[in-house]
Amino acid sequence: MDGGCGPAPRSSSPAWRWSREVSVPEPVLTEPVVAIVGAGPAGLRVAQGLAEAGLRPLLLDEGHRAGGQIYRRPPPGAERPAAALYGFEAGRAQTLHALADALAPRIEYRPGTMVWGIAAREPTGFDLDCLGPRGHERIAVDRLVLATGAMDRTLPFPGWTLPGVFTLGAAQIALKAQGMAIGRRVALVGAGPLLPLVAHQYAKAGATVVAVLDATPLGAKVKAAPRLAALPATLAKGVWYTVAGAMRGVPVRSGVRSVAVEGDGHVEALSWEDSRGRRHRVACDAVGASFGLRSEAQAADLAGCRFVFEPVTRQWQPERSPEGRSSHPHVYLAGDGSGIGGADVAELQGERTALAVLADLGRPRDAAREARLDRHLARQAGFRAALEAAYPYPHHLVDRIGDDEIVCRCEGITAGALRRAATGRDAREMNRLKALTRAGMGRCQGRVCGHAAAEILARTLSVPVEAVGRLRGQAPIKPIPLREPV
């Protein structure tokens, strides 16, 4: 879609409705402008709940077609069978895509629009700084729902800046949006449930997957299996991905201690050390790597939300109630942008958050529906805790980061520079580290390097990672052009 029109411009003078019987003007009551940022599973379910209640929410999304990352849709004219793109989730993907199309006439939908800044507006509400097909614009809203999703968590390793090294999320985008693989002979490295999924998707697409290297131990998955069985269908899908890969001859190795990409100007090979300390090498022309997911929470920071540290996933996240409320009375949160839960949880949270928004606006409540969603979400939370236990954080890879390894690619800052700032310049907190070294000051605003920098700083100081804090959000939260394109 090319997009719809936004909310009507606000006027400083009230609107009036005149009656023939009386001469006293009466103010017209207008519906509040509710903006949703993100059109993935969470954002679409929020939009559905609000639209069904008679509201007309504003849905802003960077993607050109609704669906988010997990259910990303190819561009028009490049569609492929849903089963080829989404596997077991083809039915769910098609349902959400149909929902997005059905909602379009009932909401104000702005595809291809990035929210890069958020400012509080007196006495209530927010001004959203956006960049999209209309260029730069500022949109005034009364309430804000953030469904901003997640991105790959990266860790530096030798050769990770070579052309041909991608994140696993980028490897998925290449398949879904462009219908192509990142290479002909692909090696995949990771520490999370995305690893076996991408390996299956690439093998099914016809790419030669030469190695799948899991930095987490196999024993952790075996130990977590009884708790994962709380959702047997989900567990079965994960097991099937692994078994299907093995039947295709895809080599899978668990407990990998270190990895390194080799090549002169491009990827030529991947070497690694296995759990027994033995070295291996395989020729390849592309590498996909991801060490879990991190919430895209910069927008929540700009909106004034309070953050808390989540020890299992080792990241700071905006505080969120089970109903979807943030610490700010007019900001709501749903999906992976406020805690990693996956697509199924994102849908449930989106529906639950819509009910919270409606309740706060004085709309009728469906208590039975709320209770049902709360039960489903509690069950999913238990499964997610087991999944995190199955893929524990790979501390050993942080300890293997050499001093000459680049951590902040935008500014060219090495791990050694970070360590020297910690030991020699009293950088004991992330924002001081940023000020002294420029790590996190580049185009990504620390979205890529911030996590690794915090882990390195904490290990250098021998303190828990939460003790070094987090980088404060700054606008623009993503790169924008200084001038609108002509």
Side-chain angles (χ1 to χ4, degrees), residues 1-10 32-47 50 56-69 72 100 103 107-121 124-151 294-305 307 317-318 320 324 326 328 330-338 346 350 353-354 357 443-447 471-485:
M1 296 183 62
D2 293 329
C5 58
R10 297 172 178 267
V33 178
V34 182
I36 305 164
V37 181
L44 285 173
R45 290 301 182 188
V46 175
L50 299 184
R56 190 174 177 82
L58 169 65
L59 181 60
L60 304 163
D61 188 52
E62 292 182 40
H64 293 284
R65 305 184 76 185
Q69 166 67 341
R72 182 179 292 273
L103 283 175
I107 65 177
E108 304 294 346
Y109 175 44
R110 300 273 196 96
T113 300
M114 177 175 64
V115 178
W116 58 264
I118 301 174
R121 190 186 72 252
T124 60
F126 301 92
D127 289 323
L128 308 183
D129 289 307
C130 304
L131 175 63
R134 305 179 183 198
H136 289 285
E137 59 180 329
R138 174 164 283 197
I139 302 173
V141 304
D142 299 301
R143 293 179 186 260
L144 185 59
V145 182
L146 298 175
T148 47
M151 64 176 288
R294 56 164 294 278
S295 297
E296 287 274 51
Q298 295 80 12
D301 203 358
L302 296 187
C305 297
F307 277 61
Q317 295 168 339
R320 180 188 186 278
S326 76
H328 191 291
H330 293 151
V331 180
Y332 304 81
L333 304 163
D336 284 349
S338 55
T353 300
V357 175
R443 287 168 56 84
C444 87
Q445 290 286 288
R447 294 168 60 239
L471 293 174
R472 290 186 291 268
Q474 304 278 353
I477 57 178
K478 294 183 179 179
I480 59 170
L482 295 179
R483 297 181 61 185
E484 296 178 20

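All residue numbers in this chain count up from 1 along the given sequence. No hydrogens, no waters, no symmetry mates; every other heavy atom, side chains included, goes into these values.
When all heavy atoms of A346 and P41 are compared, the pair lying nearest together is CB-CB, 4.1 Å. Closest non-hydrogen pair, R121 versus A140, comes out as NH1-CB, 3.6 Å. When every heavy atom of I36 is checked against every heavy atom of P57, the shortest pair comes out as CD1-CB, 3.9 Å. Shortest non-hydrogen contact noted between L103 and L44 is CD1-O, 3.8 Å. Counting all heavy atoms, side chain and backbone alike, G38 lies closest to L59 at O-CD1, 3.4 Å. Between D61 and A39, the shortest heavy-atom contact is OD1-N, 3.0 Å.
R143 CZ to T124 OG1: the interatomic distance, rounded to the nearest 0.5 Å, is 8.0 Å. To the nearest 0.5 angstrom, L302 atom CG is 8.0 Å from Q474 atom CD. Rounding to the nearest 0.5 Å places OG1 of T353 at 13.0 Å from CZ of R45. From D127, atom CG reaches atom CD of E137 across 12.0 Å, with rounding to the nearest 0.5 Å. Rounded to the nearest 0.5 angstrom, R443 CZ and I480 CD1 are separated by 10.5 Å. Note that SG of C305 and CD1 of I118 are 8.5 Å apart. Values are rounded to the nearest 0.5 Å.
Of the possible donor and acceptor atoms, none in the side chain of T148 sits under 3.5 Å from a partner among the backbone N and O of G337. The closest donor-acceptor contact from the side chain of R320 to the backbone of L333 lies under 3.5 Å.
At a threshold of 4.5 Å between non-hydrogen side-chain atoms, the residues P481 and L131 count as touching. Within the 4.5 Å cutoff, the side chain of R110 has heavy atoms near those of the L58 side chain. Proximity of D301 to P318: side-chain heavy atoms (C-beta onward) are nowhere separated by under 4.5 Å.
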Do L144 and V37 pass the side chain to side chain contact (heavy atoms under 4.5 Å, CB included) test, and can you show the C-alpha distance, the side-chain angles, and the key distance before you say yes or no? CA-CA 8 Å; L144 185 59; V37 181; 3.9 Å; yes
Show the numbers, then the answer: is there a side chain to side chain contact (heavy atoms under 4.5 Å, CB included) between Q69 and M151? CA-CA 9 Å; Q69 166 67 341; M151 64 176 288; over 6 Å; no
In sequence, state the C-alpha distance, the side-chain angles, and the governing distance for I139 and V33, and then conclude on side chain to side chain contact (heavy atoms under 4.5 Å, CB included). CA-CA 10 Å; I139 302 173; V33 178; 5.7 Å; no
Where do Q445 and Q298 land on the side chain to side chain contact (heavy atoms under 4.5 Å, CB included) test, with the steps shown first? CA-CA 9 Å; Q445 290 286 288; Q298 295 80 12; over 6 Å; no
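H330 is linked by a ring-ring contact (aromatic ring centres under 6.0 Å, His included) to nothing, counting only residues two or more places apart in sequence or in another chain.
Between F126 and H328, the ring planes are tilted. Angles from 30° to 60° get that label.
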